[in-house]
Undergrad: 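This structure is in structure tokens; I'll ask about it shortly.
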Amino acid sequence: MALRYQNKVAIVTGGSKGIGRGVVKVFVQNGATVVFCARGGAAGEALEAELNKEGPGSCKFVTCDISKEDDIKKLITVTVELYGHIDCLVNNAGWHPPPKPTDDTTAEEFRELLSLNLISYFLASKYALPYLRQRQGNIINVSSLVGTIGQKDAAPYVATKGAIISMTKAMAVDESRYNVRVNCMSPGNVMTPLWEELAGWTPDAAAAIKMGEDAQLMGRMGTEAECGLAALYLAADATFCTGIDLLISGGAELNYGFKSQIPS
């Protein structure tokens, strides 16, 4: 099978686990050179060793706190110093706090989440764009289905994800003059370590996971690999797409909320 992203250089934030890990794996499997980052080092270093052994592409892990502007600048600089250029930026790093009603949410909690989930995307894009323009590259922003459909007790999180979708469209307009595509993908329920963590905060984790599975018409959650393949499509194949929001949702948003238990 032909390698779909051979000799391309990509940056993936939050790439050591979850959806970011899925993106890193699929890109490396398709011949790309990937620089990925996370705050914690152990998981990133283990993934780097695993994927470099498997190939055919390669990857480099960089410790980075994406909420800090200087760390973002360093991530971009290190990538260019090592590989000379950037073809794709995947903004993925972020967090979903435990459910909390608006009345119990402080302004500072909201500001911190905005900085992590949204402003980091803006800054990584800002500092990568001079290099992406040289290559007519692309940006992929990872949002969430709930940025469109909403979610209970998660107003700040939903706000950050909705803003990512809007920012994607605005940036796509601005960067079209340079032939840089800017797209977004919005996963629904995908089985990741964060999803398992969120389920663990409920009284019955197994029941929470079952409810998460039943939220899709397909009756299951998505996988990290499926998200990686969606990102690869946007990066390698969707050459006439810019400003789009690709739903990776298993149909969770369809049929007025009736999901996998539809009567025949």
Undergrad: For residues 183-199, pull every pair meeting side chain to side chain donor-acceptor pair (under 3.5 Å), keeping only residues two or more places apart or in separate chains.
TA: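 Qualifying pairs, neighbours excluded: S186-D245, N189-W195, N189-Q216.
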Undergrad: List the atom of G14, the atom of N92, and the distance in Å for their closest heavy-atom pair.
TA: O-ND2, 2.9 Å
Undergrad: To check you understand the geometry: which heavy-atom pair defines the closest contact between A124 and N91, and what is its length?
TA: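 Taking every non-hydrogen atom into account, CB-OD1, 3.3 Å.
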Undergrad: Supply the members, apart from M211, of the Ile/Leu/Val/Met/Phe/Trp/Tyr cluster built from side-chain contacts under 4.5 Å; use none for a lone residue.
TA: none
Undergrad: Is the Y131-H85 ring centre distance short of 6.0 angstrom?
TA: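 Centroid distance Y131-H85: not below 6.0 Å, so no.
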Undergrad: For residues W95 and V23: do they belong to one hydrophobic cluster (side chain heavy atoms under 4.5 Å, members Ile, Leu, Val, Met, Phe, Trp, Tyr)?
TA: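 Linked, W95 and V23 end up in one cluster.
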Undergrad: So, E48 side chain and F61 main chain: donor-acceptor pair closer than 3.5 Å or not?
TA: yes
Undergrad: Considering non-hydrogen atoms only, spot the tightest contact between S115 and S67 and give its length.
TA: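 Heavy atoms of S115 and S67 come nearest at OG-O, 4.0 Å.
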Undergrad: Under 4.5 Å between side-chain heavy atoms, hopping through other hydrophobics if needed: is there a path connecting L82 to L89?
TA: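 Shared cluster, yes.
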Undergrad: Hey, mind stepping through R135 and D87 against salt bridge (Lys or Arg N to Asp or Glu O under 4.0 Å) and telling me if it holds?
TA: CA-CA 6 Å; R135 303 281 293 185; D87 295 288; 2.9 Å; yes
Undergrad: If you look only at pairs with a residue in residues 200-235, which of them pass as a ring pair (Phe, Tyr, Trp, His ring centres under 6.0 Å), with sequence neighbours excluded?
TA: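 Those involving residues 200-235 do not exist here.
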Undergrad: Do any N or O atoms from the side chain of N30 and from the backbone of V26 form a donor-acceptor pair under 3.5 angstrom?
TA: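 Yes; at least one donor-acceptor contact below 3.5 Å.
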Undergrad: Can you get from L229 to M191 by hopping between Ile, Leu, Val, Met, Phe, Trp and Tyr side chains that sit under 4.5 Å apart?
TA: no
